[in-house]
Amino acid sequence: MNTRNMIGFQLNGEQVQALPGETLLQVAQREGINVPHLCHKNGLEPAGNCRACMVEIDGERTLAASCCRQVEAGMVVTTDSAKAVASQRMVLELLLADMPENTNLAALKADNELAHWCEIMGIDGTRFDARAPVPPDYSHPAIAVNLDHCIQCTRCVRACREVQVNDVIGLAHRGEHATIVFDQGDALAQSTCVACGECVQACPTGALSPAKPNAHQQADKTIDSVCPYCGVGCQLTYHVKDNTILRVEGQNGPANAGRLCVKGRYGFDYVHHEQRLTHPLIRREGVPKNPVDLLNTEQVHTAFRQASWEEALALVASKLKQIKTTHGGNALAGFGSAKGSNEEAYLFQKLVRTGFGTNNVDHCTRLCHASSVAALLEGIGSGAVSNPLMDVDQAEVIFVIGANPTVNHPVGATWIKNAVKKGAKLIVADPRRSDLARHATHFLQFKADSDVALLNALLHVIIDENLINTEFIKTRTEGFDALKANVATCTPEAMAPICGIPASELRAVARLYAKSKSAMILWGMGISQHTHGTDNARCLISLALITGQIGRPGTGLHPLRGQNNVQGASDAGLIPMMYPDYQPVGNTEAQRRFETLWNTPLSSTPGLTVVETMQAILAGTVKGMYILGENPAMSDPDLNHARKALAALDFLVVQDIFLTETATLADVVLPASAFPEKTGTFTNTDRLVQLGQQAIDPPGLARQDLWIIQSIAQGLGLSWNYQTVEDVFDEMRRAMHSIEGITWQRLQREHAVVYPCLHEGDAGQAVVFTEEFPTHSGKARLVPAQYRGAAEKPDVEFPFVLITGRQLEHWHTGSMTRRASVLDAIEPEPTALFNPSDLNSLNIQPGDKVSLRSRRGEITIFARADSCTPQGNVFVPFCYAEAAINKLTHAALDPHGKIPEFKYCAIAVHKN
């Protein structure tokens, strides 16, 4: 503890020290003194309304609430005097009277805090009459509401308003009629609650509790790990009994500080789903692969037979060796997974490069942030974020563009909302109006596909009005003159008709960003998933560079990573043109280094990307594939084309936890381990390398992914012998300079270390580019971008624009969340979101079935009214197999990032 400016006072007869601003309760807790408290919770503003924490202060006539009273020098405080204890006991008895008669306090919450303090204070009943029961509200699939257990501590209110900033829960009425309400007194399921569960975690009595019956059981063990969903990388704790996860709670991790979202808190029971793969499967002879009508669960036994691991692995090895011998290594390809660990990604790409003899290895970064990475590597020499997401707390201006954090990165969105409540100015730019827009100083609802026009207008204003950072441009960048010339004609007046934003608004936003002391840019796949995605990112990089808004806390560039380990998988080399640590495969020095490390000759030819691989299959040049944890039969653009390609392979082996749409087209299916069933490291969007720990065992004959990868490698003749995950991580440290200083022992001790961490003992560098950029010159490169449209525009036959993305309750292709009972109960049906005026013009009612058709395919889906979607646009999540929207999307590629244009294509809409 920093002893500077410490305050001395007496606590229970002992002299103690406190920091300025500390409360009596905080000091008592640090000194190991028990003081009952129920309305207080770390991370929430003190309320002092339960009055359980009353203490006696010499010289004062009344008792004081220790959770609110700050320390003063010379105080004499007693927490266990007869007067204080009598007050504490009386409050606890009165609160017990608020409970139903003969209530079991642990029935709704295993760690009921009221029961805990009653036990400590020796209270086993109450002298007061119980209040009348309050009807429960069990309308919501995630959260049960039992307000007859509510003590009105308002922890739920503060958690909802102050922490998550969702503003759903309030305290209505007065006196004995006071009660907790949701919105305007709605049932929870009909309210605007997003089921983050922060209120449940905050509730001390179980008045708000998990709806699942077994969630309240006492756990056999608790295991600290990491969330398996988005790139925020929230740390969490699994509560486990009899190899079953009972519930999940947020842990005080560096990225989440105890917070979780609906997926992290309630999306865990997919691991126990009846459809888990538990045996290796081999396709029966003579059973064709039908890319049009994929197998359903009932048809699996007719298409596949169970096999032993020995038989399945022998078949995989023989088929892969046969293809390599007959057609060469480039006839093989591998798709790895951003859902797996760093160690799995590293071994997978090593297997493809050394066992297959090709660089044909890729993963889903090609479908999310490939263009962002291309622009960042080109401009500043690194594809990673410059600053952690939490740095928004130090930003004067926050610019969020092409991203919907409240849906895709909900806990990350809370930090943005918290910063705005503290005074930060928020700019939100997106074709669709997100929930974050209600917190924005400026909301720019620009026309889809006009990103470059909007951003070039901002660059023009900043340069034209001399709002640039001249010294930064001179000393730390190159290419400014070309950028200036490129945007010279991109006046707000010229760009306004293209992007749909008034010129005056463009000027105001440019000035706000450029004049701020610290400004941070965050973006998502609304920027990257275009044929001009690299150009979009180039403009954002230029915005930061010409204003000097990079290299300091509260500034910088942060592309929000979509999957839990897309950053780590990319770092580990799951990219066709890069070895681990982004070392180009065509670089002779890098090639020699990895040939020495892996003791194998390597190809210097960049491999095929995801979409290029599909094209190569149909061209007859790729014959065999190994897919680990990816589902291209749902995630690729132009799905009919992708599924046709997968079905055309001579041999396909899929390693997964469910029989995904991709696995139904396989020759061999290998049952793998789900996230809570493995130990490994995962790297979040902030460059934090975090340790995920195994909580339960895989079911049946399912095996750890690392074991399966190594077994296939050994079947191909590679002499691998990794005994533990730590062995793989140690080799990664030798391969990757950026994590060289992170030891396994340190991760076990600290759970999270940020890279670059160049030597043991290095704290790691959260903010990078502070003095120079990792380029040959040490300077960043400003790259001009010209506005150009999408590969396909609306016309008379296809008049609507299709935008695809994710929704809060489901994630990626839905293979996990659609099998999580709570999440699927909240959003069970596929819906297309229309502006209400478009529904009216089409004579379609919300809930009607509609057909969406593009030049590539057609689906049937339910219509939903959504005023946040602009006229002429339709938004559809891509997680529903029964309405696979990627049948419609365009496979046109960004020429630099080689990412498909998921965010824009032309469609027609018809009522069924």
Do side-chain atoms of [X] reach the backbone of [Y] as a donor and acceptor pair under 3.5 angstrom?
X	Y	answer
S209	K109	no
R155	L38	yes
E249	G258	no
Q201	G250	yes
R161	I169	yes
R276	V271	yes
N684	C234	no
D220	D242	yes
Q218	A110	yes
R687	Q765	yes

[X] side chain near [Y] side chain, heavy-atom distance below 4.5 Å:
X	Y	answer
V194	V262	no
I885	Y880	no
N387	T555	yes
I739	T683	no
P676	I245	yes
V232	C227	no

Between atom [atom1] of [X] and atom [atom2] of [Y], what is the distance when rounded to the nearest 0.5 Å?
X	Y	atom1	atom2	answer
H751	R746	NE2	CZ	13.0 Å
E809	I826	CD	CD1	5.5 Å
E344	L574	CD	CG	11.0 Å
L171	I180	CG	CD1	5.0 Å
D183	L188	CG	CG	9.0 Å
I151	D98	CD1	CG	8.0 Å

Pair [X]-[Y], side-chain donor/acceptor within less than 3.5 Å:
X	Y	answer
T205	N112	no
S635	H812	no
N49	T154	yes
E726	Q745	yes
T406	D435	no

Practice task
Kindly check if the number of other-residue, nucleotide or ligand heavy atoms within 6.0 Å of CD (E750) is above 12?
Solution key: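 Yes - once you tally the heavy atoms of other residues, nucleotides and ligands closer than 6.0 Å, there are more than 12.
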Practice task
Inspect the surroundings of CD in E119 and state if more than 12 heavy atoms from other residues, nucleotides or ligands are less than 6.0 Å away.
Solution key: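 Atom CD in E119 is not packed in, count stays at 12 or less.
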Practice task
Begin from the C-alpha positions of L560 and N408 and carry the test side-chain contact (heavy atoms from CB on, under 4.5 Å) through to its verdict.
Solution key: CA-CA 9 Å; L560 291 157; N408 296 323; over 6 Å; no
Exercise for the section: Carefully, step by step, assess L706 and V725 under the rule side-chain contact (heavy atoms from CB on, under 4.5 Å). Expected result: CA-CA 8 Å; L706 283 178; V725 183; 3.8 Å; yes
Exercise for the section: Go through F658 and Y270 one step at a time and tell me if the side-chain contact (heavy atoms from CB on, under 4.5 Å) criterion holds. Expected result: CA-CA 10 Å; F658 295 109; Y270 70 92; 4.1 Å; yes
Practice task
Start with the C-alpha gap between H558 and T685, add the side-chain angles, then the distance that decides, and say whether side chain to side chain donor-acceptor pair (under 3.5 Å) holds.
Solution key: CA-CA 8 Å; H558 192 119; T685 190; 2.8 Å; yes
Problem - Residues that R806 engages under salt bridge (Lys or Arg N to Asp or Glu O under 4.0 Å), provided they are two or more places apart - result: none
Fill in the blank from the handout: Sorted by chain and number, sequence neighbours left out, salt bridge (Lys or Arg N to Asp or Glu O under 4.0 Å) with R432 holds for D866
Practice task
Kindly state each residue pair satisfying ring pair (Phe, Tyr, Trp, His ring centres under 6.0 Å) with at least one member in residues 225-268, sequence neighbours excluded.
Solution key: Y229-W811
Problem - Partners meeting side-chain hydrogen bond (donor to acceptor under 3.5 Å, both in side chains) with T681 (sequence neighbours left out) - result: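 Scan of T681 (side-chain hydrogen bond (donor to acceptor under 3.5 Å, both in side chains), adjacent residues dropped) gives N342, E343.
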Exercise for the section: Please list, chain by chain and in numerical order, all residues satisfying side-chain hydrogen bond (donor to acceptor under 3.5 Å, both in side chains) with T222, sequence neighbours excluded. Expected result: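 By the side-chain hydrogen bond (donor to acceptor under 3.5 Å, both in side chains) rule, T222 matches no residue at all.
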Handout entry: Presence of salt bridge, E162 and K41, under 4.0 angstrom
Key =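 Answer for the salt bridge query: no.
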Handout entry: Where at least one partner belongs to residues 413-428, residue pairs that pass salt bridge (Lys or Arg N to Asp or Glu O under 4.0 Å), sequence neighbours excluded
Key =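 Those involving residues 413-428 are D393-K422.
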Exercise for the section: Evaluate the side-chain contact (heavy atoms from CB on, under 4.5 Å) criterion for residues L747 and I742: first the C-alpha distance (whole Å), next the side-chain angles of each, then the deciding distance (0.1 Å), finally the verdict. Expected result: CA-CA 7 Å; L747 283 172; I742 305 176; 3.7 Å; yes
